[in-house]
Number of protein chains: 2
Amino acid sequence: MPDDVGHEIADALGALLRRGARARLYARLTGNLGEAVDETTYPVLSGLARTGPCSAADLAGEIGLDRSGVTRRATRLEEAGLLCREPDPDDRRAILLALTETGQQAVQITRQRLVTIIEASLASWPPEEAQSFAHQLHRFVTTGPFAKS
Amino acid sequence: MPDDVGHEIADALGALLRRGARARLYARLTGNLGEAVDETTYPVLSGLARTGPCSAADLAGEIGLDRSGVTRRATRLEEAGLLCREPDPDDRRAILLALTETGQQAVQITRQRLVTIIEASLASWPPEEAQSFAHQLHRFVTTGPFAKS
DNA sequence: CAGATTGCGTGCGTCGCGCACGCTATTCTT
DNA sequence: AAGAATAGCGTGCGCGACGCACGCAATCTG
């Protein structure tokens with residue numbers, strides 16, 4: 001493989017992981033969804049949407065955060081009505097974090113916004129090129145330098 | 001364009017922007033490069049490598065940070081010998097931040113590490129597929145939802 | 001039934017960040 | 001040419017996020 005392929009991807013990834021890029025994207029995704037959902041609380045919503053109802057400790061492992069941080073963010077989201085705590089029926093000392101209807105809608109909205117943004121920026125691409133790019137990006141992310149270990 | 005293309009890319013980007021993914025990648029890139037270079041100070045090194053010697057205020061705009069933060073990180077890097085402050089010959093009240101030889105080497109090392117990681121994860125790809133993926137990713141990042149405005 | 005264990009919330013120290021102030025060097029104005 | 005205004009820089013301060021560790025309640029164990 002020619003070396004410039006690696007360099008080109010490295011440039012792109014570098015730009016992608018910049019602070020400003022993340023901040024701009026999160027701002028566009030979480031705007032007008034209430035004060036509680038922002039760059040810090042959204043990973044809790046998103047992670048909970050992926051895992052389904054689960055404990056704060058498990059969710060902490062999922063999103064790479066300390067359990068205390070998850071608890072605090074969950075409290076903020078609970079006060080905003082996006083998330084609810086319900087007792088675990090199998091273990092009465094445990095508490096399950098679960099999305100409310102509003103919370104699920106919020107996740108759905110942000111997700112749709114991201115899809116819309118992506119499709120808009122791919123509008124001028126040949127369809128089969130966009131499709132192959134999607135597959136390759138998916139493969140690269142799941143098997144590449146970002147796999148969990 | 002089919003809607004699942006947008007969804008597939010959205011999934012990949014979501015995974016890419018996770019906290020854990022960033023942390024793991026930065027750890028692999030900046031490991032064994034001294035105590036001063038880590039996830040917070042590296043953007044200063046990298047940005048300075050892109051812009052060349054410039055003031056803290058300009059670099060702040062480049063990496064999306066407040067000027068005071070750049071000053072503090074620059075001080076840490078200066079104490080570690082990776083960066084030096086030199087008076088601006090054109091404006092004697094200004095101070096230019098510039099990489100030392102060691103600093104340039106550090107940037108070069110991290111960059112080469114990233115390229116190596118990328119090429120390793122693309123080793124099993126057909127070369128022309130890797131090449132087209134690199135071009136498409138570059139195009140997507142520079143023209144997509146991450147462009148500066 | 002008593003002790004060990006698990007899960008949870010919270011206080012505390014630390015760190016990064018943005019704002020705003022003071023200081024110095026430079027540039028403008030009359 | 002001298003005082004005023006401006007630009008650039010470093011730093012003190014408050015705020016918020018994070019990880020660690022402690023205390024409390026519920027559960028498991030012998």
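Bear in mind the structure is a predicted one, so any value in this text is a computation, not a measurement. Just so it is clear: chains get the letters A, B, ... in the order the sequence lines come, proteins before strands, and each one is counted from 1.
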> How would you label the contact of A/T75 with the nucleic acid (heavy atoms, under 4.0 Å): base, sugar-phosphate, or nothing?
Replying inline: nothing
> Quick one: how far along DNA chain C does chain B reach, first to last nucleotide 5' to 3', anything under 4.0 Å to a heavy atom?
Replying inline: C/dG16 to C/dT26
> Can you name the closest pair of heavy atoms from B/I118 and A/L13 and give their distance?
Replying inline: CD1-CD1, 4.0 Å
> Just how far is it from atom CG of B/L17 to atom CG of A/L25, taken to the nearest 0.5 Å?
Replying inline: 6.5 Å
>> Minimum heavy-atom separation for A/A15 and A/A21, please, with both atom names.
In response: O-CB, 3.7 Å
>> Below 4.0 angstrom, which residues in residues 84-95 of chain A have at least one non-hydrogen atom near DNA chain C?
In response: A/R85, A/R93, A/A94, A/I95
>> Measuring only between side-chain heavy atoms, which start at C-beta, is B/L82 closer than 4.5 Å to B/L33?
In response: no
> For the residue pair A/R139 and B/S124, what are the closest heavy atoms and their distance?
Replying inline: NH2-OG, 3.7 Å
>> Quick check: on DNA chain D, is the nucleotide nearest B/D58 upstream (toward 5') of the one nearest A/T40, or the reverse? Name the residue that is more 5'.
In response: B/D58
>> Checking B/R50 against B/S46 for the side chain to side chain donor-acceptor pair (under 3.5 Å) test, could you report, in this order, the C-alpha distance in whole Å, the side-chain angles of both residues, the deciding distance, and whether it holds?
In response: CA-CA 6 Å; B/R50 288 197 303 274; B/S46 174; 3.2 Å; yes
>> To check you understand the geometry: which heavy-atom pair defines the closest contact between B/T143 and A/S121, and what is its length?
In response: O-CB, 4.5 Å
>> Looking at every heavy atom in both A/A10 and B/V115, which two are closest together, and how far apart are they?
In response: CB-CG2, 4.1 Å
> Would you call the rings of A/F140 and B/F133 parallel, tilted or perpendicular, where under 30° means parallel and over 60° means perpendicular?
Replying inline: tilted
> If you pin A/D38 and B/L97 to their nearest nucleotides in DNA chain D, which one's is more 5'?
Replying inline: B/L97
>> For a quick check, tell me whether the side chain of A/R76 and the base of D/dG16 share a donor-acceptor pair closer than 3.5 Å.
In response: no
>> Which residue in the set A/T41, A/V44, A/T75 passes side chain to side chain contact (heavy atoms under 4.5 Å, CB included) when paired with A/L83?
In response: A/V44
> Roughly how bent is the helix from C/dC1-D/dG30 to C/dT30-D/dA1 end to end, in steps of 10 degrees, with each end axis from five pairs?
Replying inline: 0°
> CG of B/D66 versus C1' of D/dG16: gap in Å, rounded?
Replying inline: 15 Å
> Does A/R19 or A/R67 map to a spot on DNA chain C nearer the 5' end, using the closest nucleotide for each?
Replying inline: A/R67
>> So, taking the atom named CG in A/L29 and the one named CZ in A/R24, what distance separates them when rounded to the nearest 0.5 Å?
In response: 13.0 Å
> In whole angstroms, how far is the C1' atom of D/dG19 from the CG atom of A/L65?
Replying inline: 9 Å
